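In what follows, a structure is listed as structure tokens, so that the remarks can point back to it.
Reminder, nothing fancy here: chain letters follow the sequence lines and each chain counts from 1. Since we're looking at a predicted model, the values are computed, not measured.
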Amino acid sequence: MRPVVQATSATRAAVALALALAAVGCGGGGGSGGGADGIVSSSWGDPQNPLEPANTNEVQGGKVLDLIFRGLKRYDPKTGEAQDMLAEKIATTDSTTFAITVKDGWTFSNGEPVTAESFVDAWNYGAHLRNNQRNAYFFGYIQGYDQVHPESGEPTARTLSGLKVTGPRTFTVTLSQKFSTWPETLGYAAFAPLPKSFFTDHDAWLAKPVGNGPYAVDSYAKGSRMSLRRWDAYPGDDKAMNGGVDLVVYTDSNTAYTDLTAGNLDLADDIPASQLKHVQSDLSDRYINTPAGIIQTLAFPYYDPAWNKPGQEKVRQGLSMAINRRQITDKIFMKTRTPARDWTSPVLGPDGGYDDALCGTYCTYDPRRAKQLIAEGGGIPGGRLTITYNADSGSHKEWVDAVCHSINNALDNHRACTSSPVGTFADYRNQISQAKLVGPFRAGWQMDYPLIQNFLQPLYYTNASSNDGKWTNEEFDRLVDQANAETDPAKAIDTFKRAETVVRDQMASIPLWYQNGSAGYSDRISNVQLNQFSVPVYNEIKVSG
Amino acid sequence: MGRYVIRRLLQMIPVFFGATLLIFLMVNVMGDPIAGLCGERQCDPATAAQLRKEFGLDQPLWQQYATYMGNVFTGDFGTAFNGQPVTELMGTAFPVTIRLTLVAIFFEIVIGVGLGVLTGLRRGRPVDTSVLLLTLVVISVPTFVTGLLLQLLLGVEWGWIKPSVSSDALLGELIVPGLVLASVSLAYVTRLTRTSIAENRRADYVRTAIAKGLPRRRVIGRHLLRNSLIPVVTFIGADIGALMGGAIVTERIFNIHGVGYQLYQGILRQNIQTVVGFVTVLVLVFLLVNLLVDLLYAVLDPRIRYA
């Protein structure tokens, strides 16, 4: 029996497949047109929380806010300096009450003018407990915060008592404590103004956010794509130099990278670790690797008495000296991290409080001295340490293992340090917040605003929001209070640096490295840079082809 | 037949409740999902408590399950952490995955059965040996390797296709991902069909059909193939559910925003509502497809009759 018929049907299927493949193979081309109206396509991740200014605490949602909102201040993408944007004047005599004047002539992209009320209403909304805003604590310095956002129980006020509208374009802010550098925090997206439609038709606003930035949302398909177009009536001087931005959600940063190399995507701002080896040869000078305001550290469980004995700082200093930072950043991170020299970030600059000599020898690899110091401090509690990390993202396993390896080598004991993975980030955060970890654990800090205060106070002040290890030190607290009360910003920074030396002497946490932002782009676009938050400066991108 | 269908439908009820309860328990064991919502920092306790209340996580587990199931029957699958109703997520994810699954099943049937018949009839010939070898290779190479390789070759090197699927996920774009998704099952279908055909070729009814002088086409199509398809149909049927749930790897590689992607995100973010919702629907799909397969038996082989 010869299966003539079947044979031909199989051939037919093969032909059909080949034809279909050819039909799909149109390929090529990201957006339409070039020049000033060219559209930039850029990789995106699905924002974790609803897209509201005070509810967005991760980079992906932050990208959108940066495109469609401008606040009172804006951080210069190059220097990180907080410059006036919508603020005409922010005046204070006592570092507690600030009189703010909003510039004239600004509107939201729906035509509604930006007034003092736009800010006050937005901030009241962001602070109120009922609205579940993840960034509510940004308003925590404003007087009356504990009434609208009590630590437990129901709120007793609807609005912050420290906010008062005094005119169409003026309002005053009263803080509950002295905070001289507070105006410089106002560049953070949580402080953005909101139009009336946000409050009157919230669902419609979430479906298509309206802001006052250089771009307006054209269409938004949740979970897959957001198209933003240049808003031609934008009154600011940082107008968009391209026609718009298409943010495309990728399931995997590897796919985004593949699309970039195939010419289907203009900008991928998260180069996956597995591609770092050949990114230089793939993209040559279209690969960006610049410092961002992110530091990674090892935190300690000070709530555990075994890790909180007087004199034990020598153990922590010894551990710090046992870590070969240079080797790990070169070999594992392919130079996308920079060995840490202090507890802040290079993006602050020397004037902002970054000091590359602050950690000094404690951050220099010296295995002999490390062993000595650990012995002097009474040895590792229990004889061995376990470093905990979350295994679901960020390729933490590789570097934690390398850190352990480095410590073990220094101590000549291959069992001194082991790593302990936790399955998901949520579970990891869970164990940290319940103070369940028994040894050092991976910690990271991405700055909210480029201020030295932001690298110290939330992390090391007694009971601060991100003081996960529950470290506490009176001297440090006193210096931070003093720095915040200082009216001269330069003096404030100096005092913060003195507080930082307390962190160093006690080795409250081991600074590991500063994280860089990395991105790659196609030859269709130029003038691409990342700001200090490792978000591309979209409005300056030029499209050529 | 009617009673059989009813009995099968009734059997589905405990399976449905058991499966969803299991998933519910498993996701809950992973810990407090709110902890991961505020990034590297701890959520402030008041906001965390408020969120927990909003998502019903402050209730005892059994009550959460009861409320959840109650809502499901009114078509309310809850809200994902990003504020979107889960039904809306399903509305965008399922059509895409169903399309992808259909493409995969299409390849399984056309290529798998086609090659199976071809090799089954030519057992031991060079065609047979080479197809067998080929299926062995396909089975032994993991899907993500095939996927990445095809993406790199067809998408980047030769530029025949776009390496990623757009958010519309049109049928044309899904051909290569569908082929990748189908690849392993396709190899199994080929082998199953081949064996089945080879066995039945010597069956009495085939000899009778030939002796009656029926044309070859009719002998193979009507008599041989129809009887050989029973195990293949079982396999493909069971595969529909597996393909929909197992598309995680393929969907990630080709940037397809389907069920696999939503499940992956849901698990990563410990979003109970998303994970349980999607799995619930997948369980239903699985059960219904199984029922369909059993009913198809009777159509294919009249000898199989149920009381």
Part of E157(B) within contact of chain A (heavy atom distance under 4.5 Å): neither
Interface moiety of I256(B) toward chain A, non-hydrogen atoms closer than 4.5 Å: backbone
Donor + acceptor pair across side chains of N132(A), E54(B) (<3.5 Å):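 Checked: N132(A)/E54(B) side chains pair up, N/O donor to acceptor below 3.5 Å.
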Modelled atom types, side-chain donor and acceptor of D259(A) and S164(B), under 3.5 Å: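 On atom types as modelled, these side chains qualify, holding a pair under 3.5 Å.
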Nearest atoms (heavy-atom pairs only) where A46(B) meets P150(A): CB-O, 3.1 Å
Minimum-distance pair of heavy atoms, taken over all atoms of N82(B) and P47(A): CB-O, 3.8 Å
Contact leader toward chain A among N255(B), T92(B), V156(B), where contacts are heavy-atom pairs under 4.5 Å: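 Of the candidates given, the most pairs with chain A belong to N255(B).
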Partner chain A: residue of P163(B), G83(B), A49(B) with the largest heavy-atom pair count (under 4.5 Å): P163(B)
To the nearest 0.5 Å, tell me how far [X] [atom1] sits from [Y] [atom2].
{"X": "S433(A)", "Y": "I34(B)", "atom1": "OG", "atom2": "CD1", "result": "11.5 Å"}
{"X": "N254(A)", "Y": "R252(B)", "atom1": "CG", "atom2": "CZ", "result": "8.0 Å"}
{"X": "H257(B)", "Y": "Y250(A)", "atom1": "NE2", "atom2": "OH", "result": "8.5 Å"}
{"X": "T261(A)", "Y": "L152(B)", "atom1": "OG1", "atom2": "CG", "result": "7.5 Å"}

Intermediate values then yes/no, side-chain contact (heavy atoms from CB on, under 4.5 Å), L268(B) and T424(A): CA-CA 6 Å; L268(B) 215 60; T424(A) 63; 5.8 Å; no
Which bit of [X] comes within less than 4.5 Å of chain B, counting heavy atoms only: side chain, backbone, both or neither?
{"X": "Q48(A)", "value": "both"}
{"X": "Q133(A)", "value": "backbone"}
{"X": "N49(A)", "value": "both"}
{"X": "E52(A)", "value": "neither"}

Do [X] and [Y] have side chains that approach each other closer than 4.5 Å (heavy atoms only, starting at C-beta)?
{"X": "Y261(B)", "Y": "D46(A)", "result": "yes"}
{"X": "L51(B)", "Y": "R134(A)", "result": "yes"}
{"X": "H149(A)", "Y": "T47(B)", "result": "yes"}

Heavy-atom pair count under 4.5 Å with chain B, highest-scoring of [options]:
{"options": "A136(A), G223(A), S152(A)", "result": "G223(A)"}
{"options": "R429(A), Q446(A), R130(A), E151(A)", "result": "R429(A)"}
{"options": "I432(A), L206(A), D448(A)", "result": "D448(A)"}

Is atom [atom1] of [X] surrounded by more than 12 heavy atoms (other residues, nucleotides or ligands) closer than 6.0 Å?
{"X": "Y220(A)", "atom1": "OH", "answer": "yes"}
{"X": "D168(B)", "atom1": "CG", "answer": "yes"}
{"X": "R123(B)", "atom1": "CZ", "answer": "no"}

Residues D427(A), Q270(B); criterion side-chain contact (heavy atoms from CB on, under 4.5 Å); working and verdict: CA-CA 9 Å; D427(A) 193 20; Q270(B) 255 181 277; 4.3 Å; yes
Partners meeting side-chain contact (heavy atoms from CB on, under 4.5 Å) with L148(B) (sequence neighbours left out): F144(B), Q151(B), I253(B)
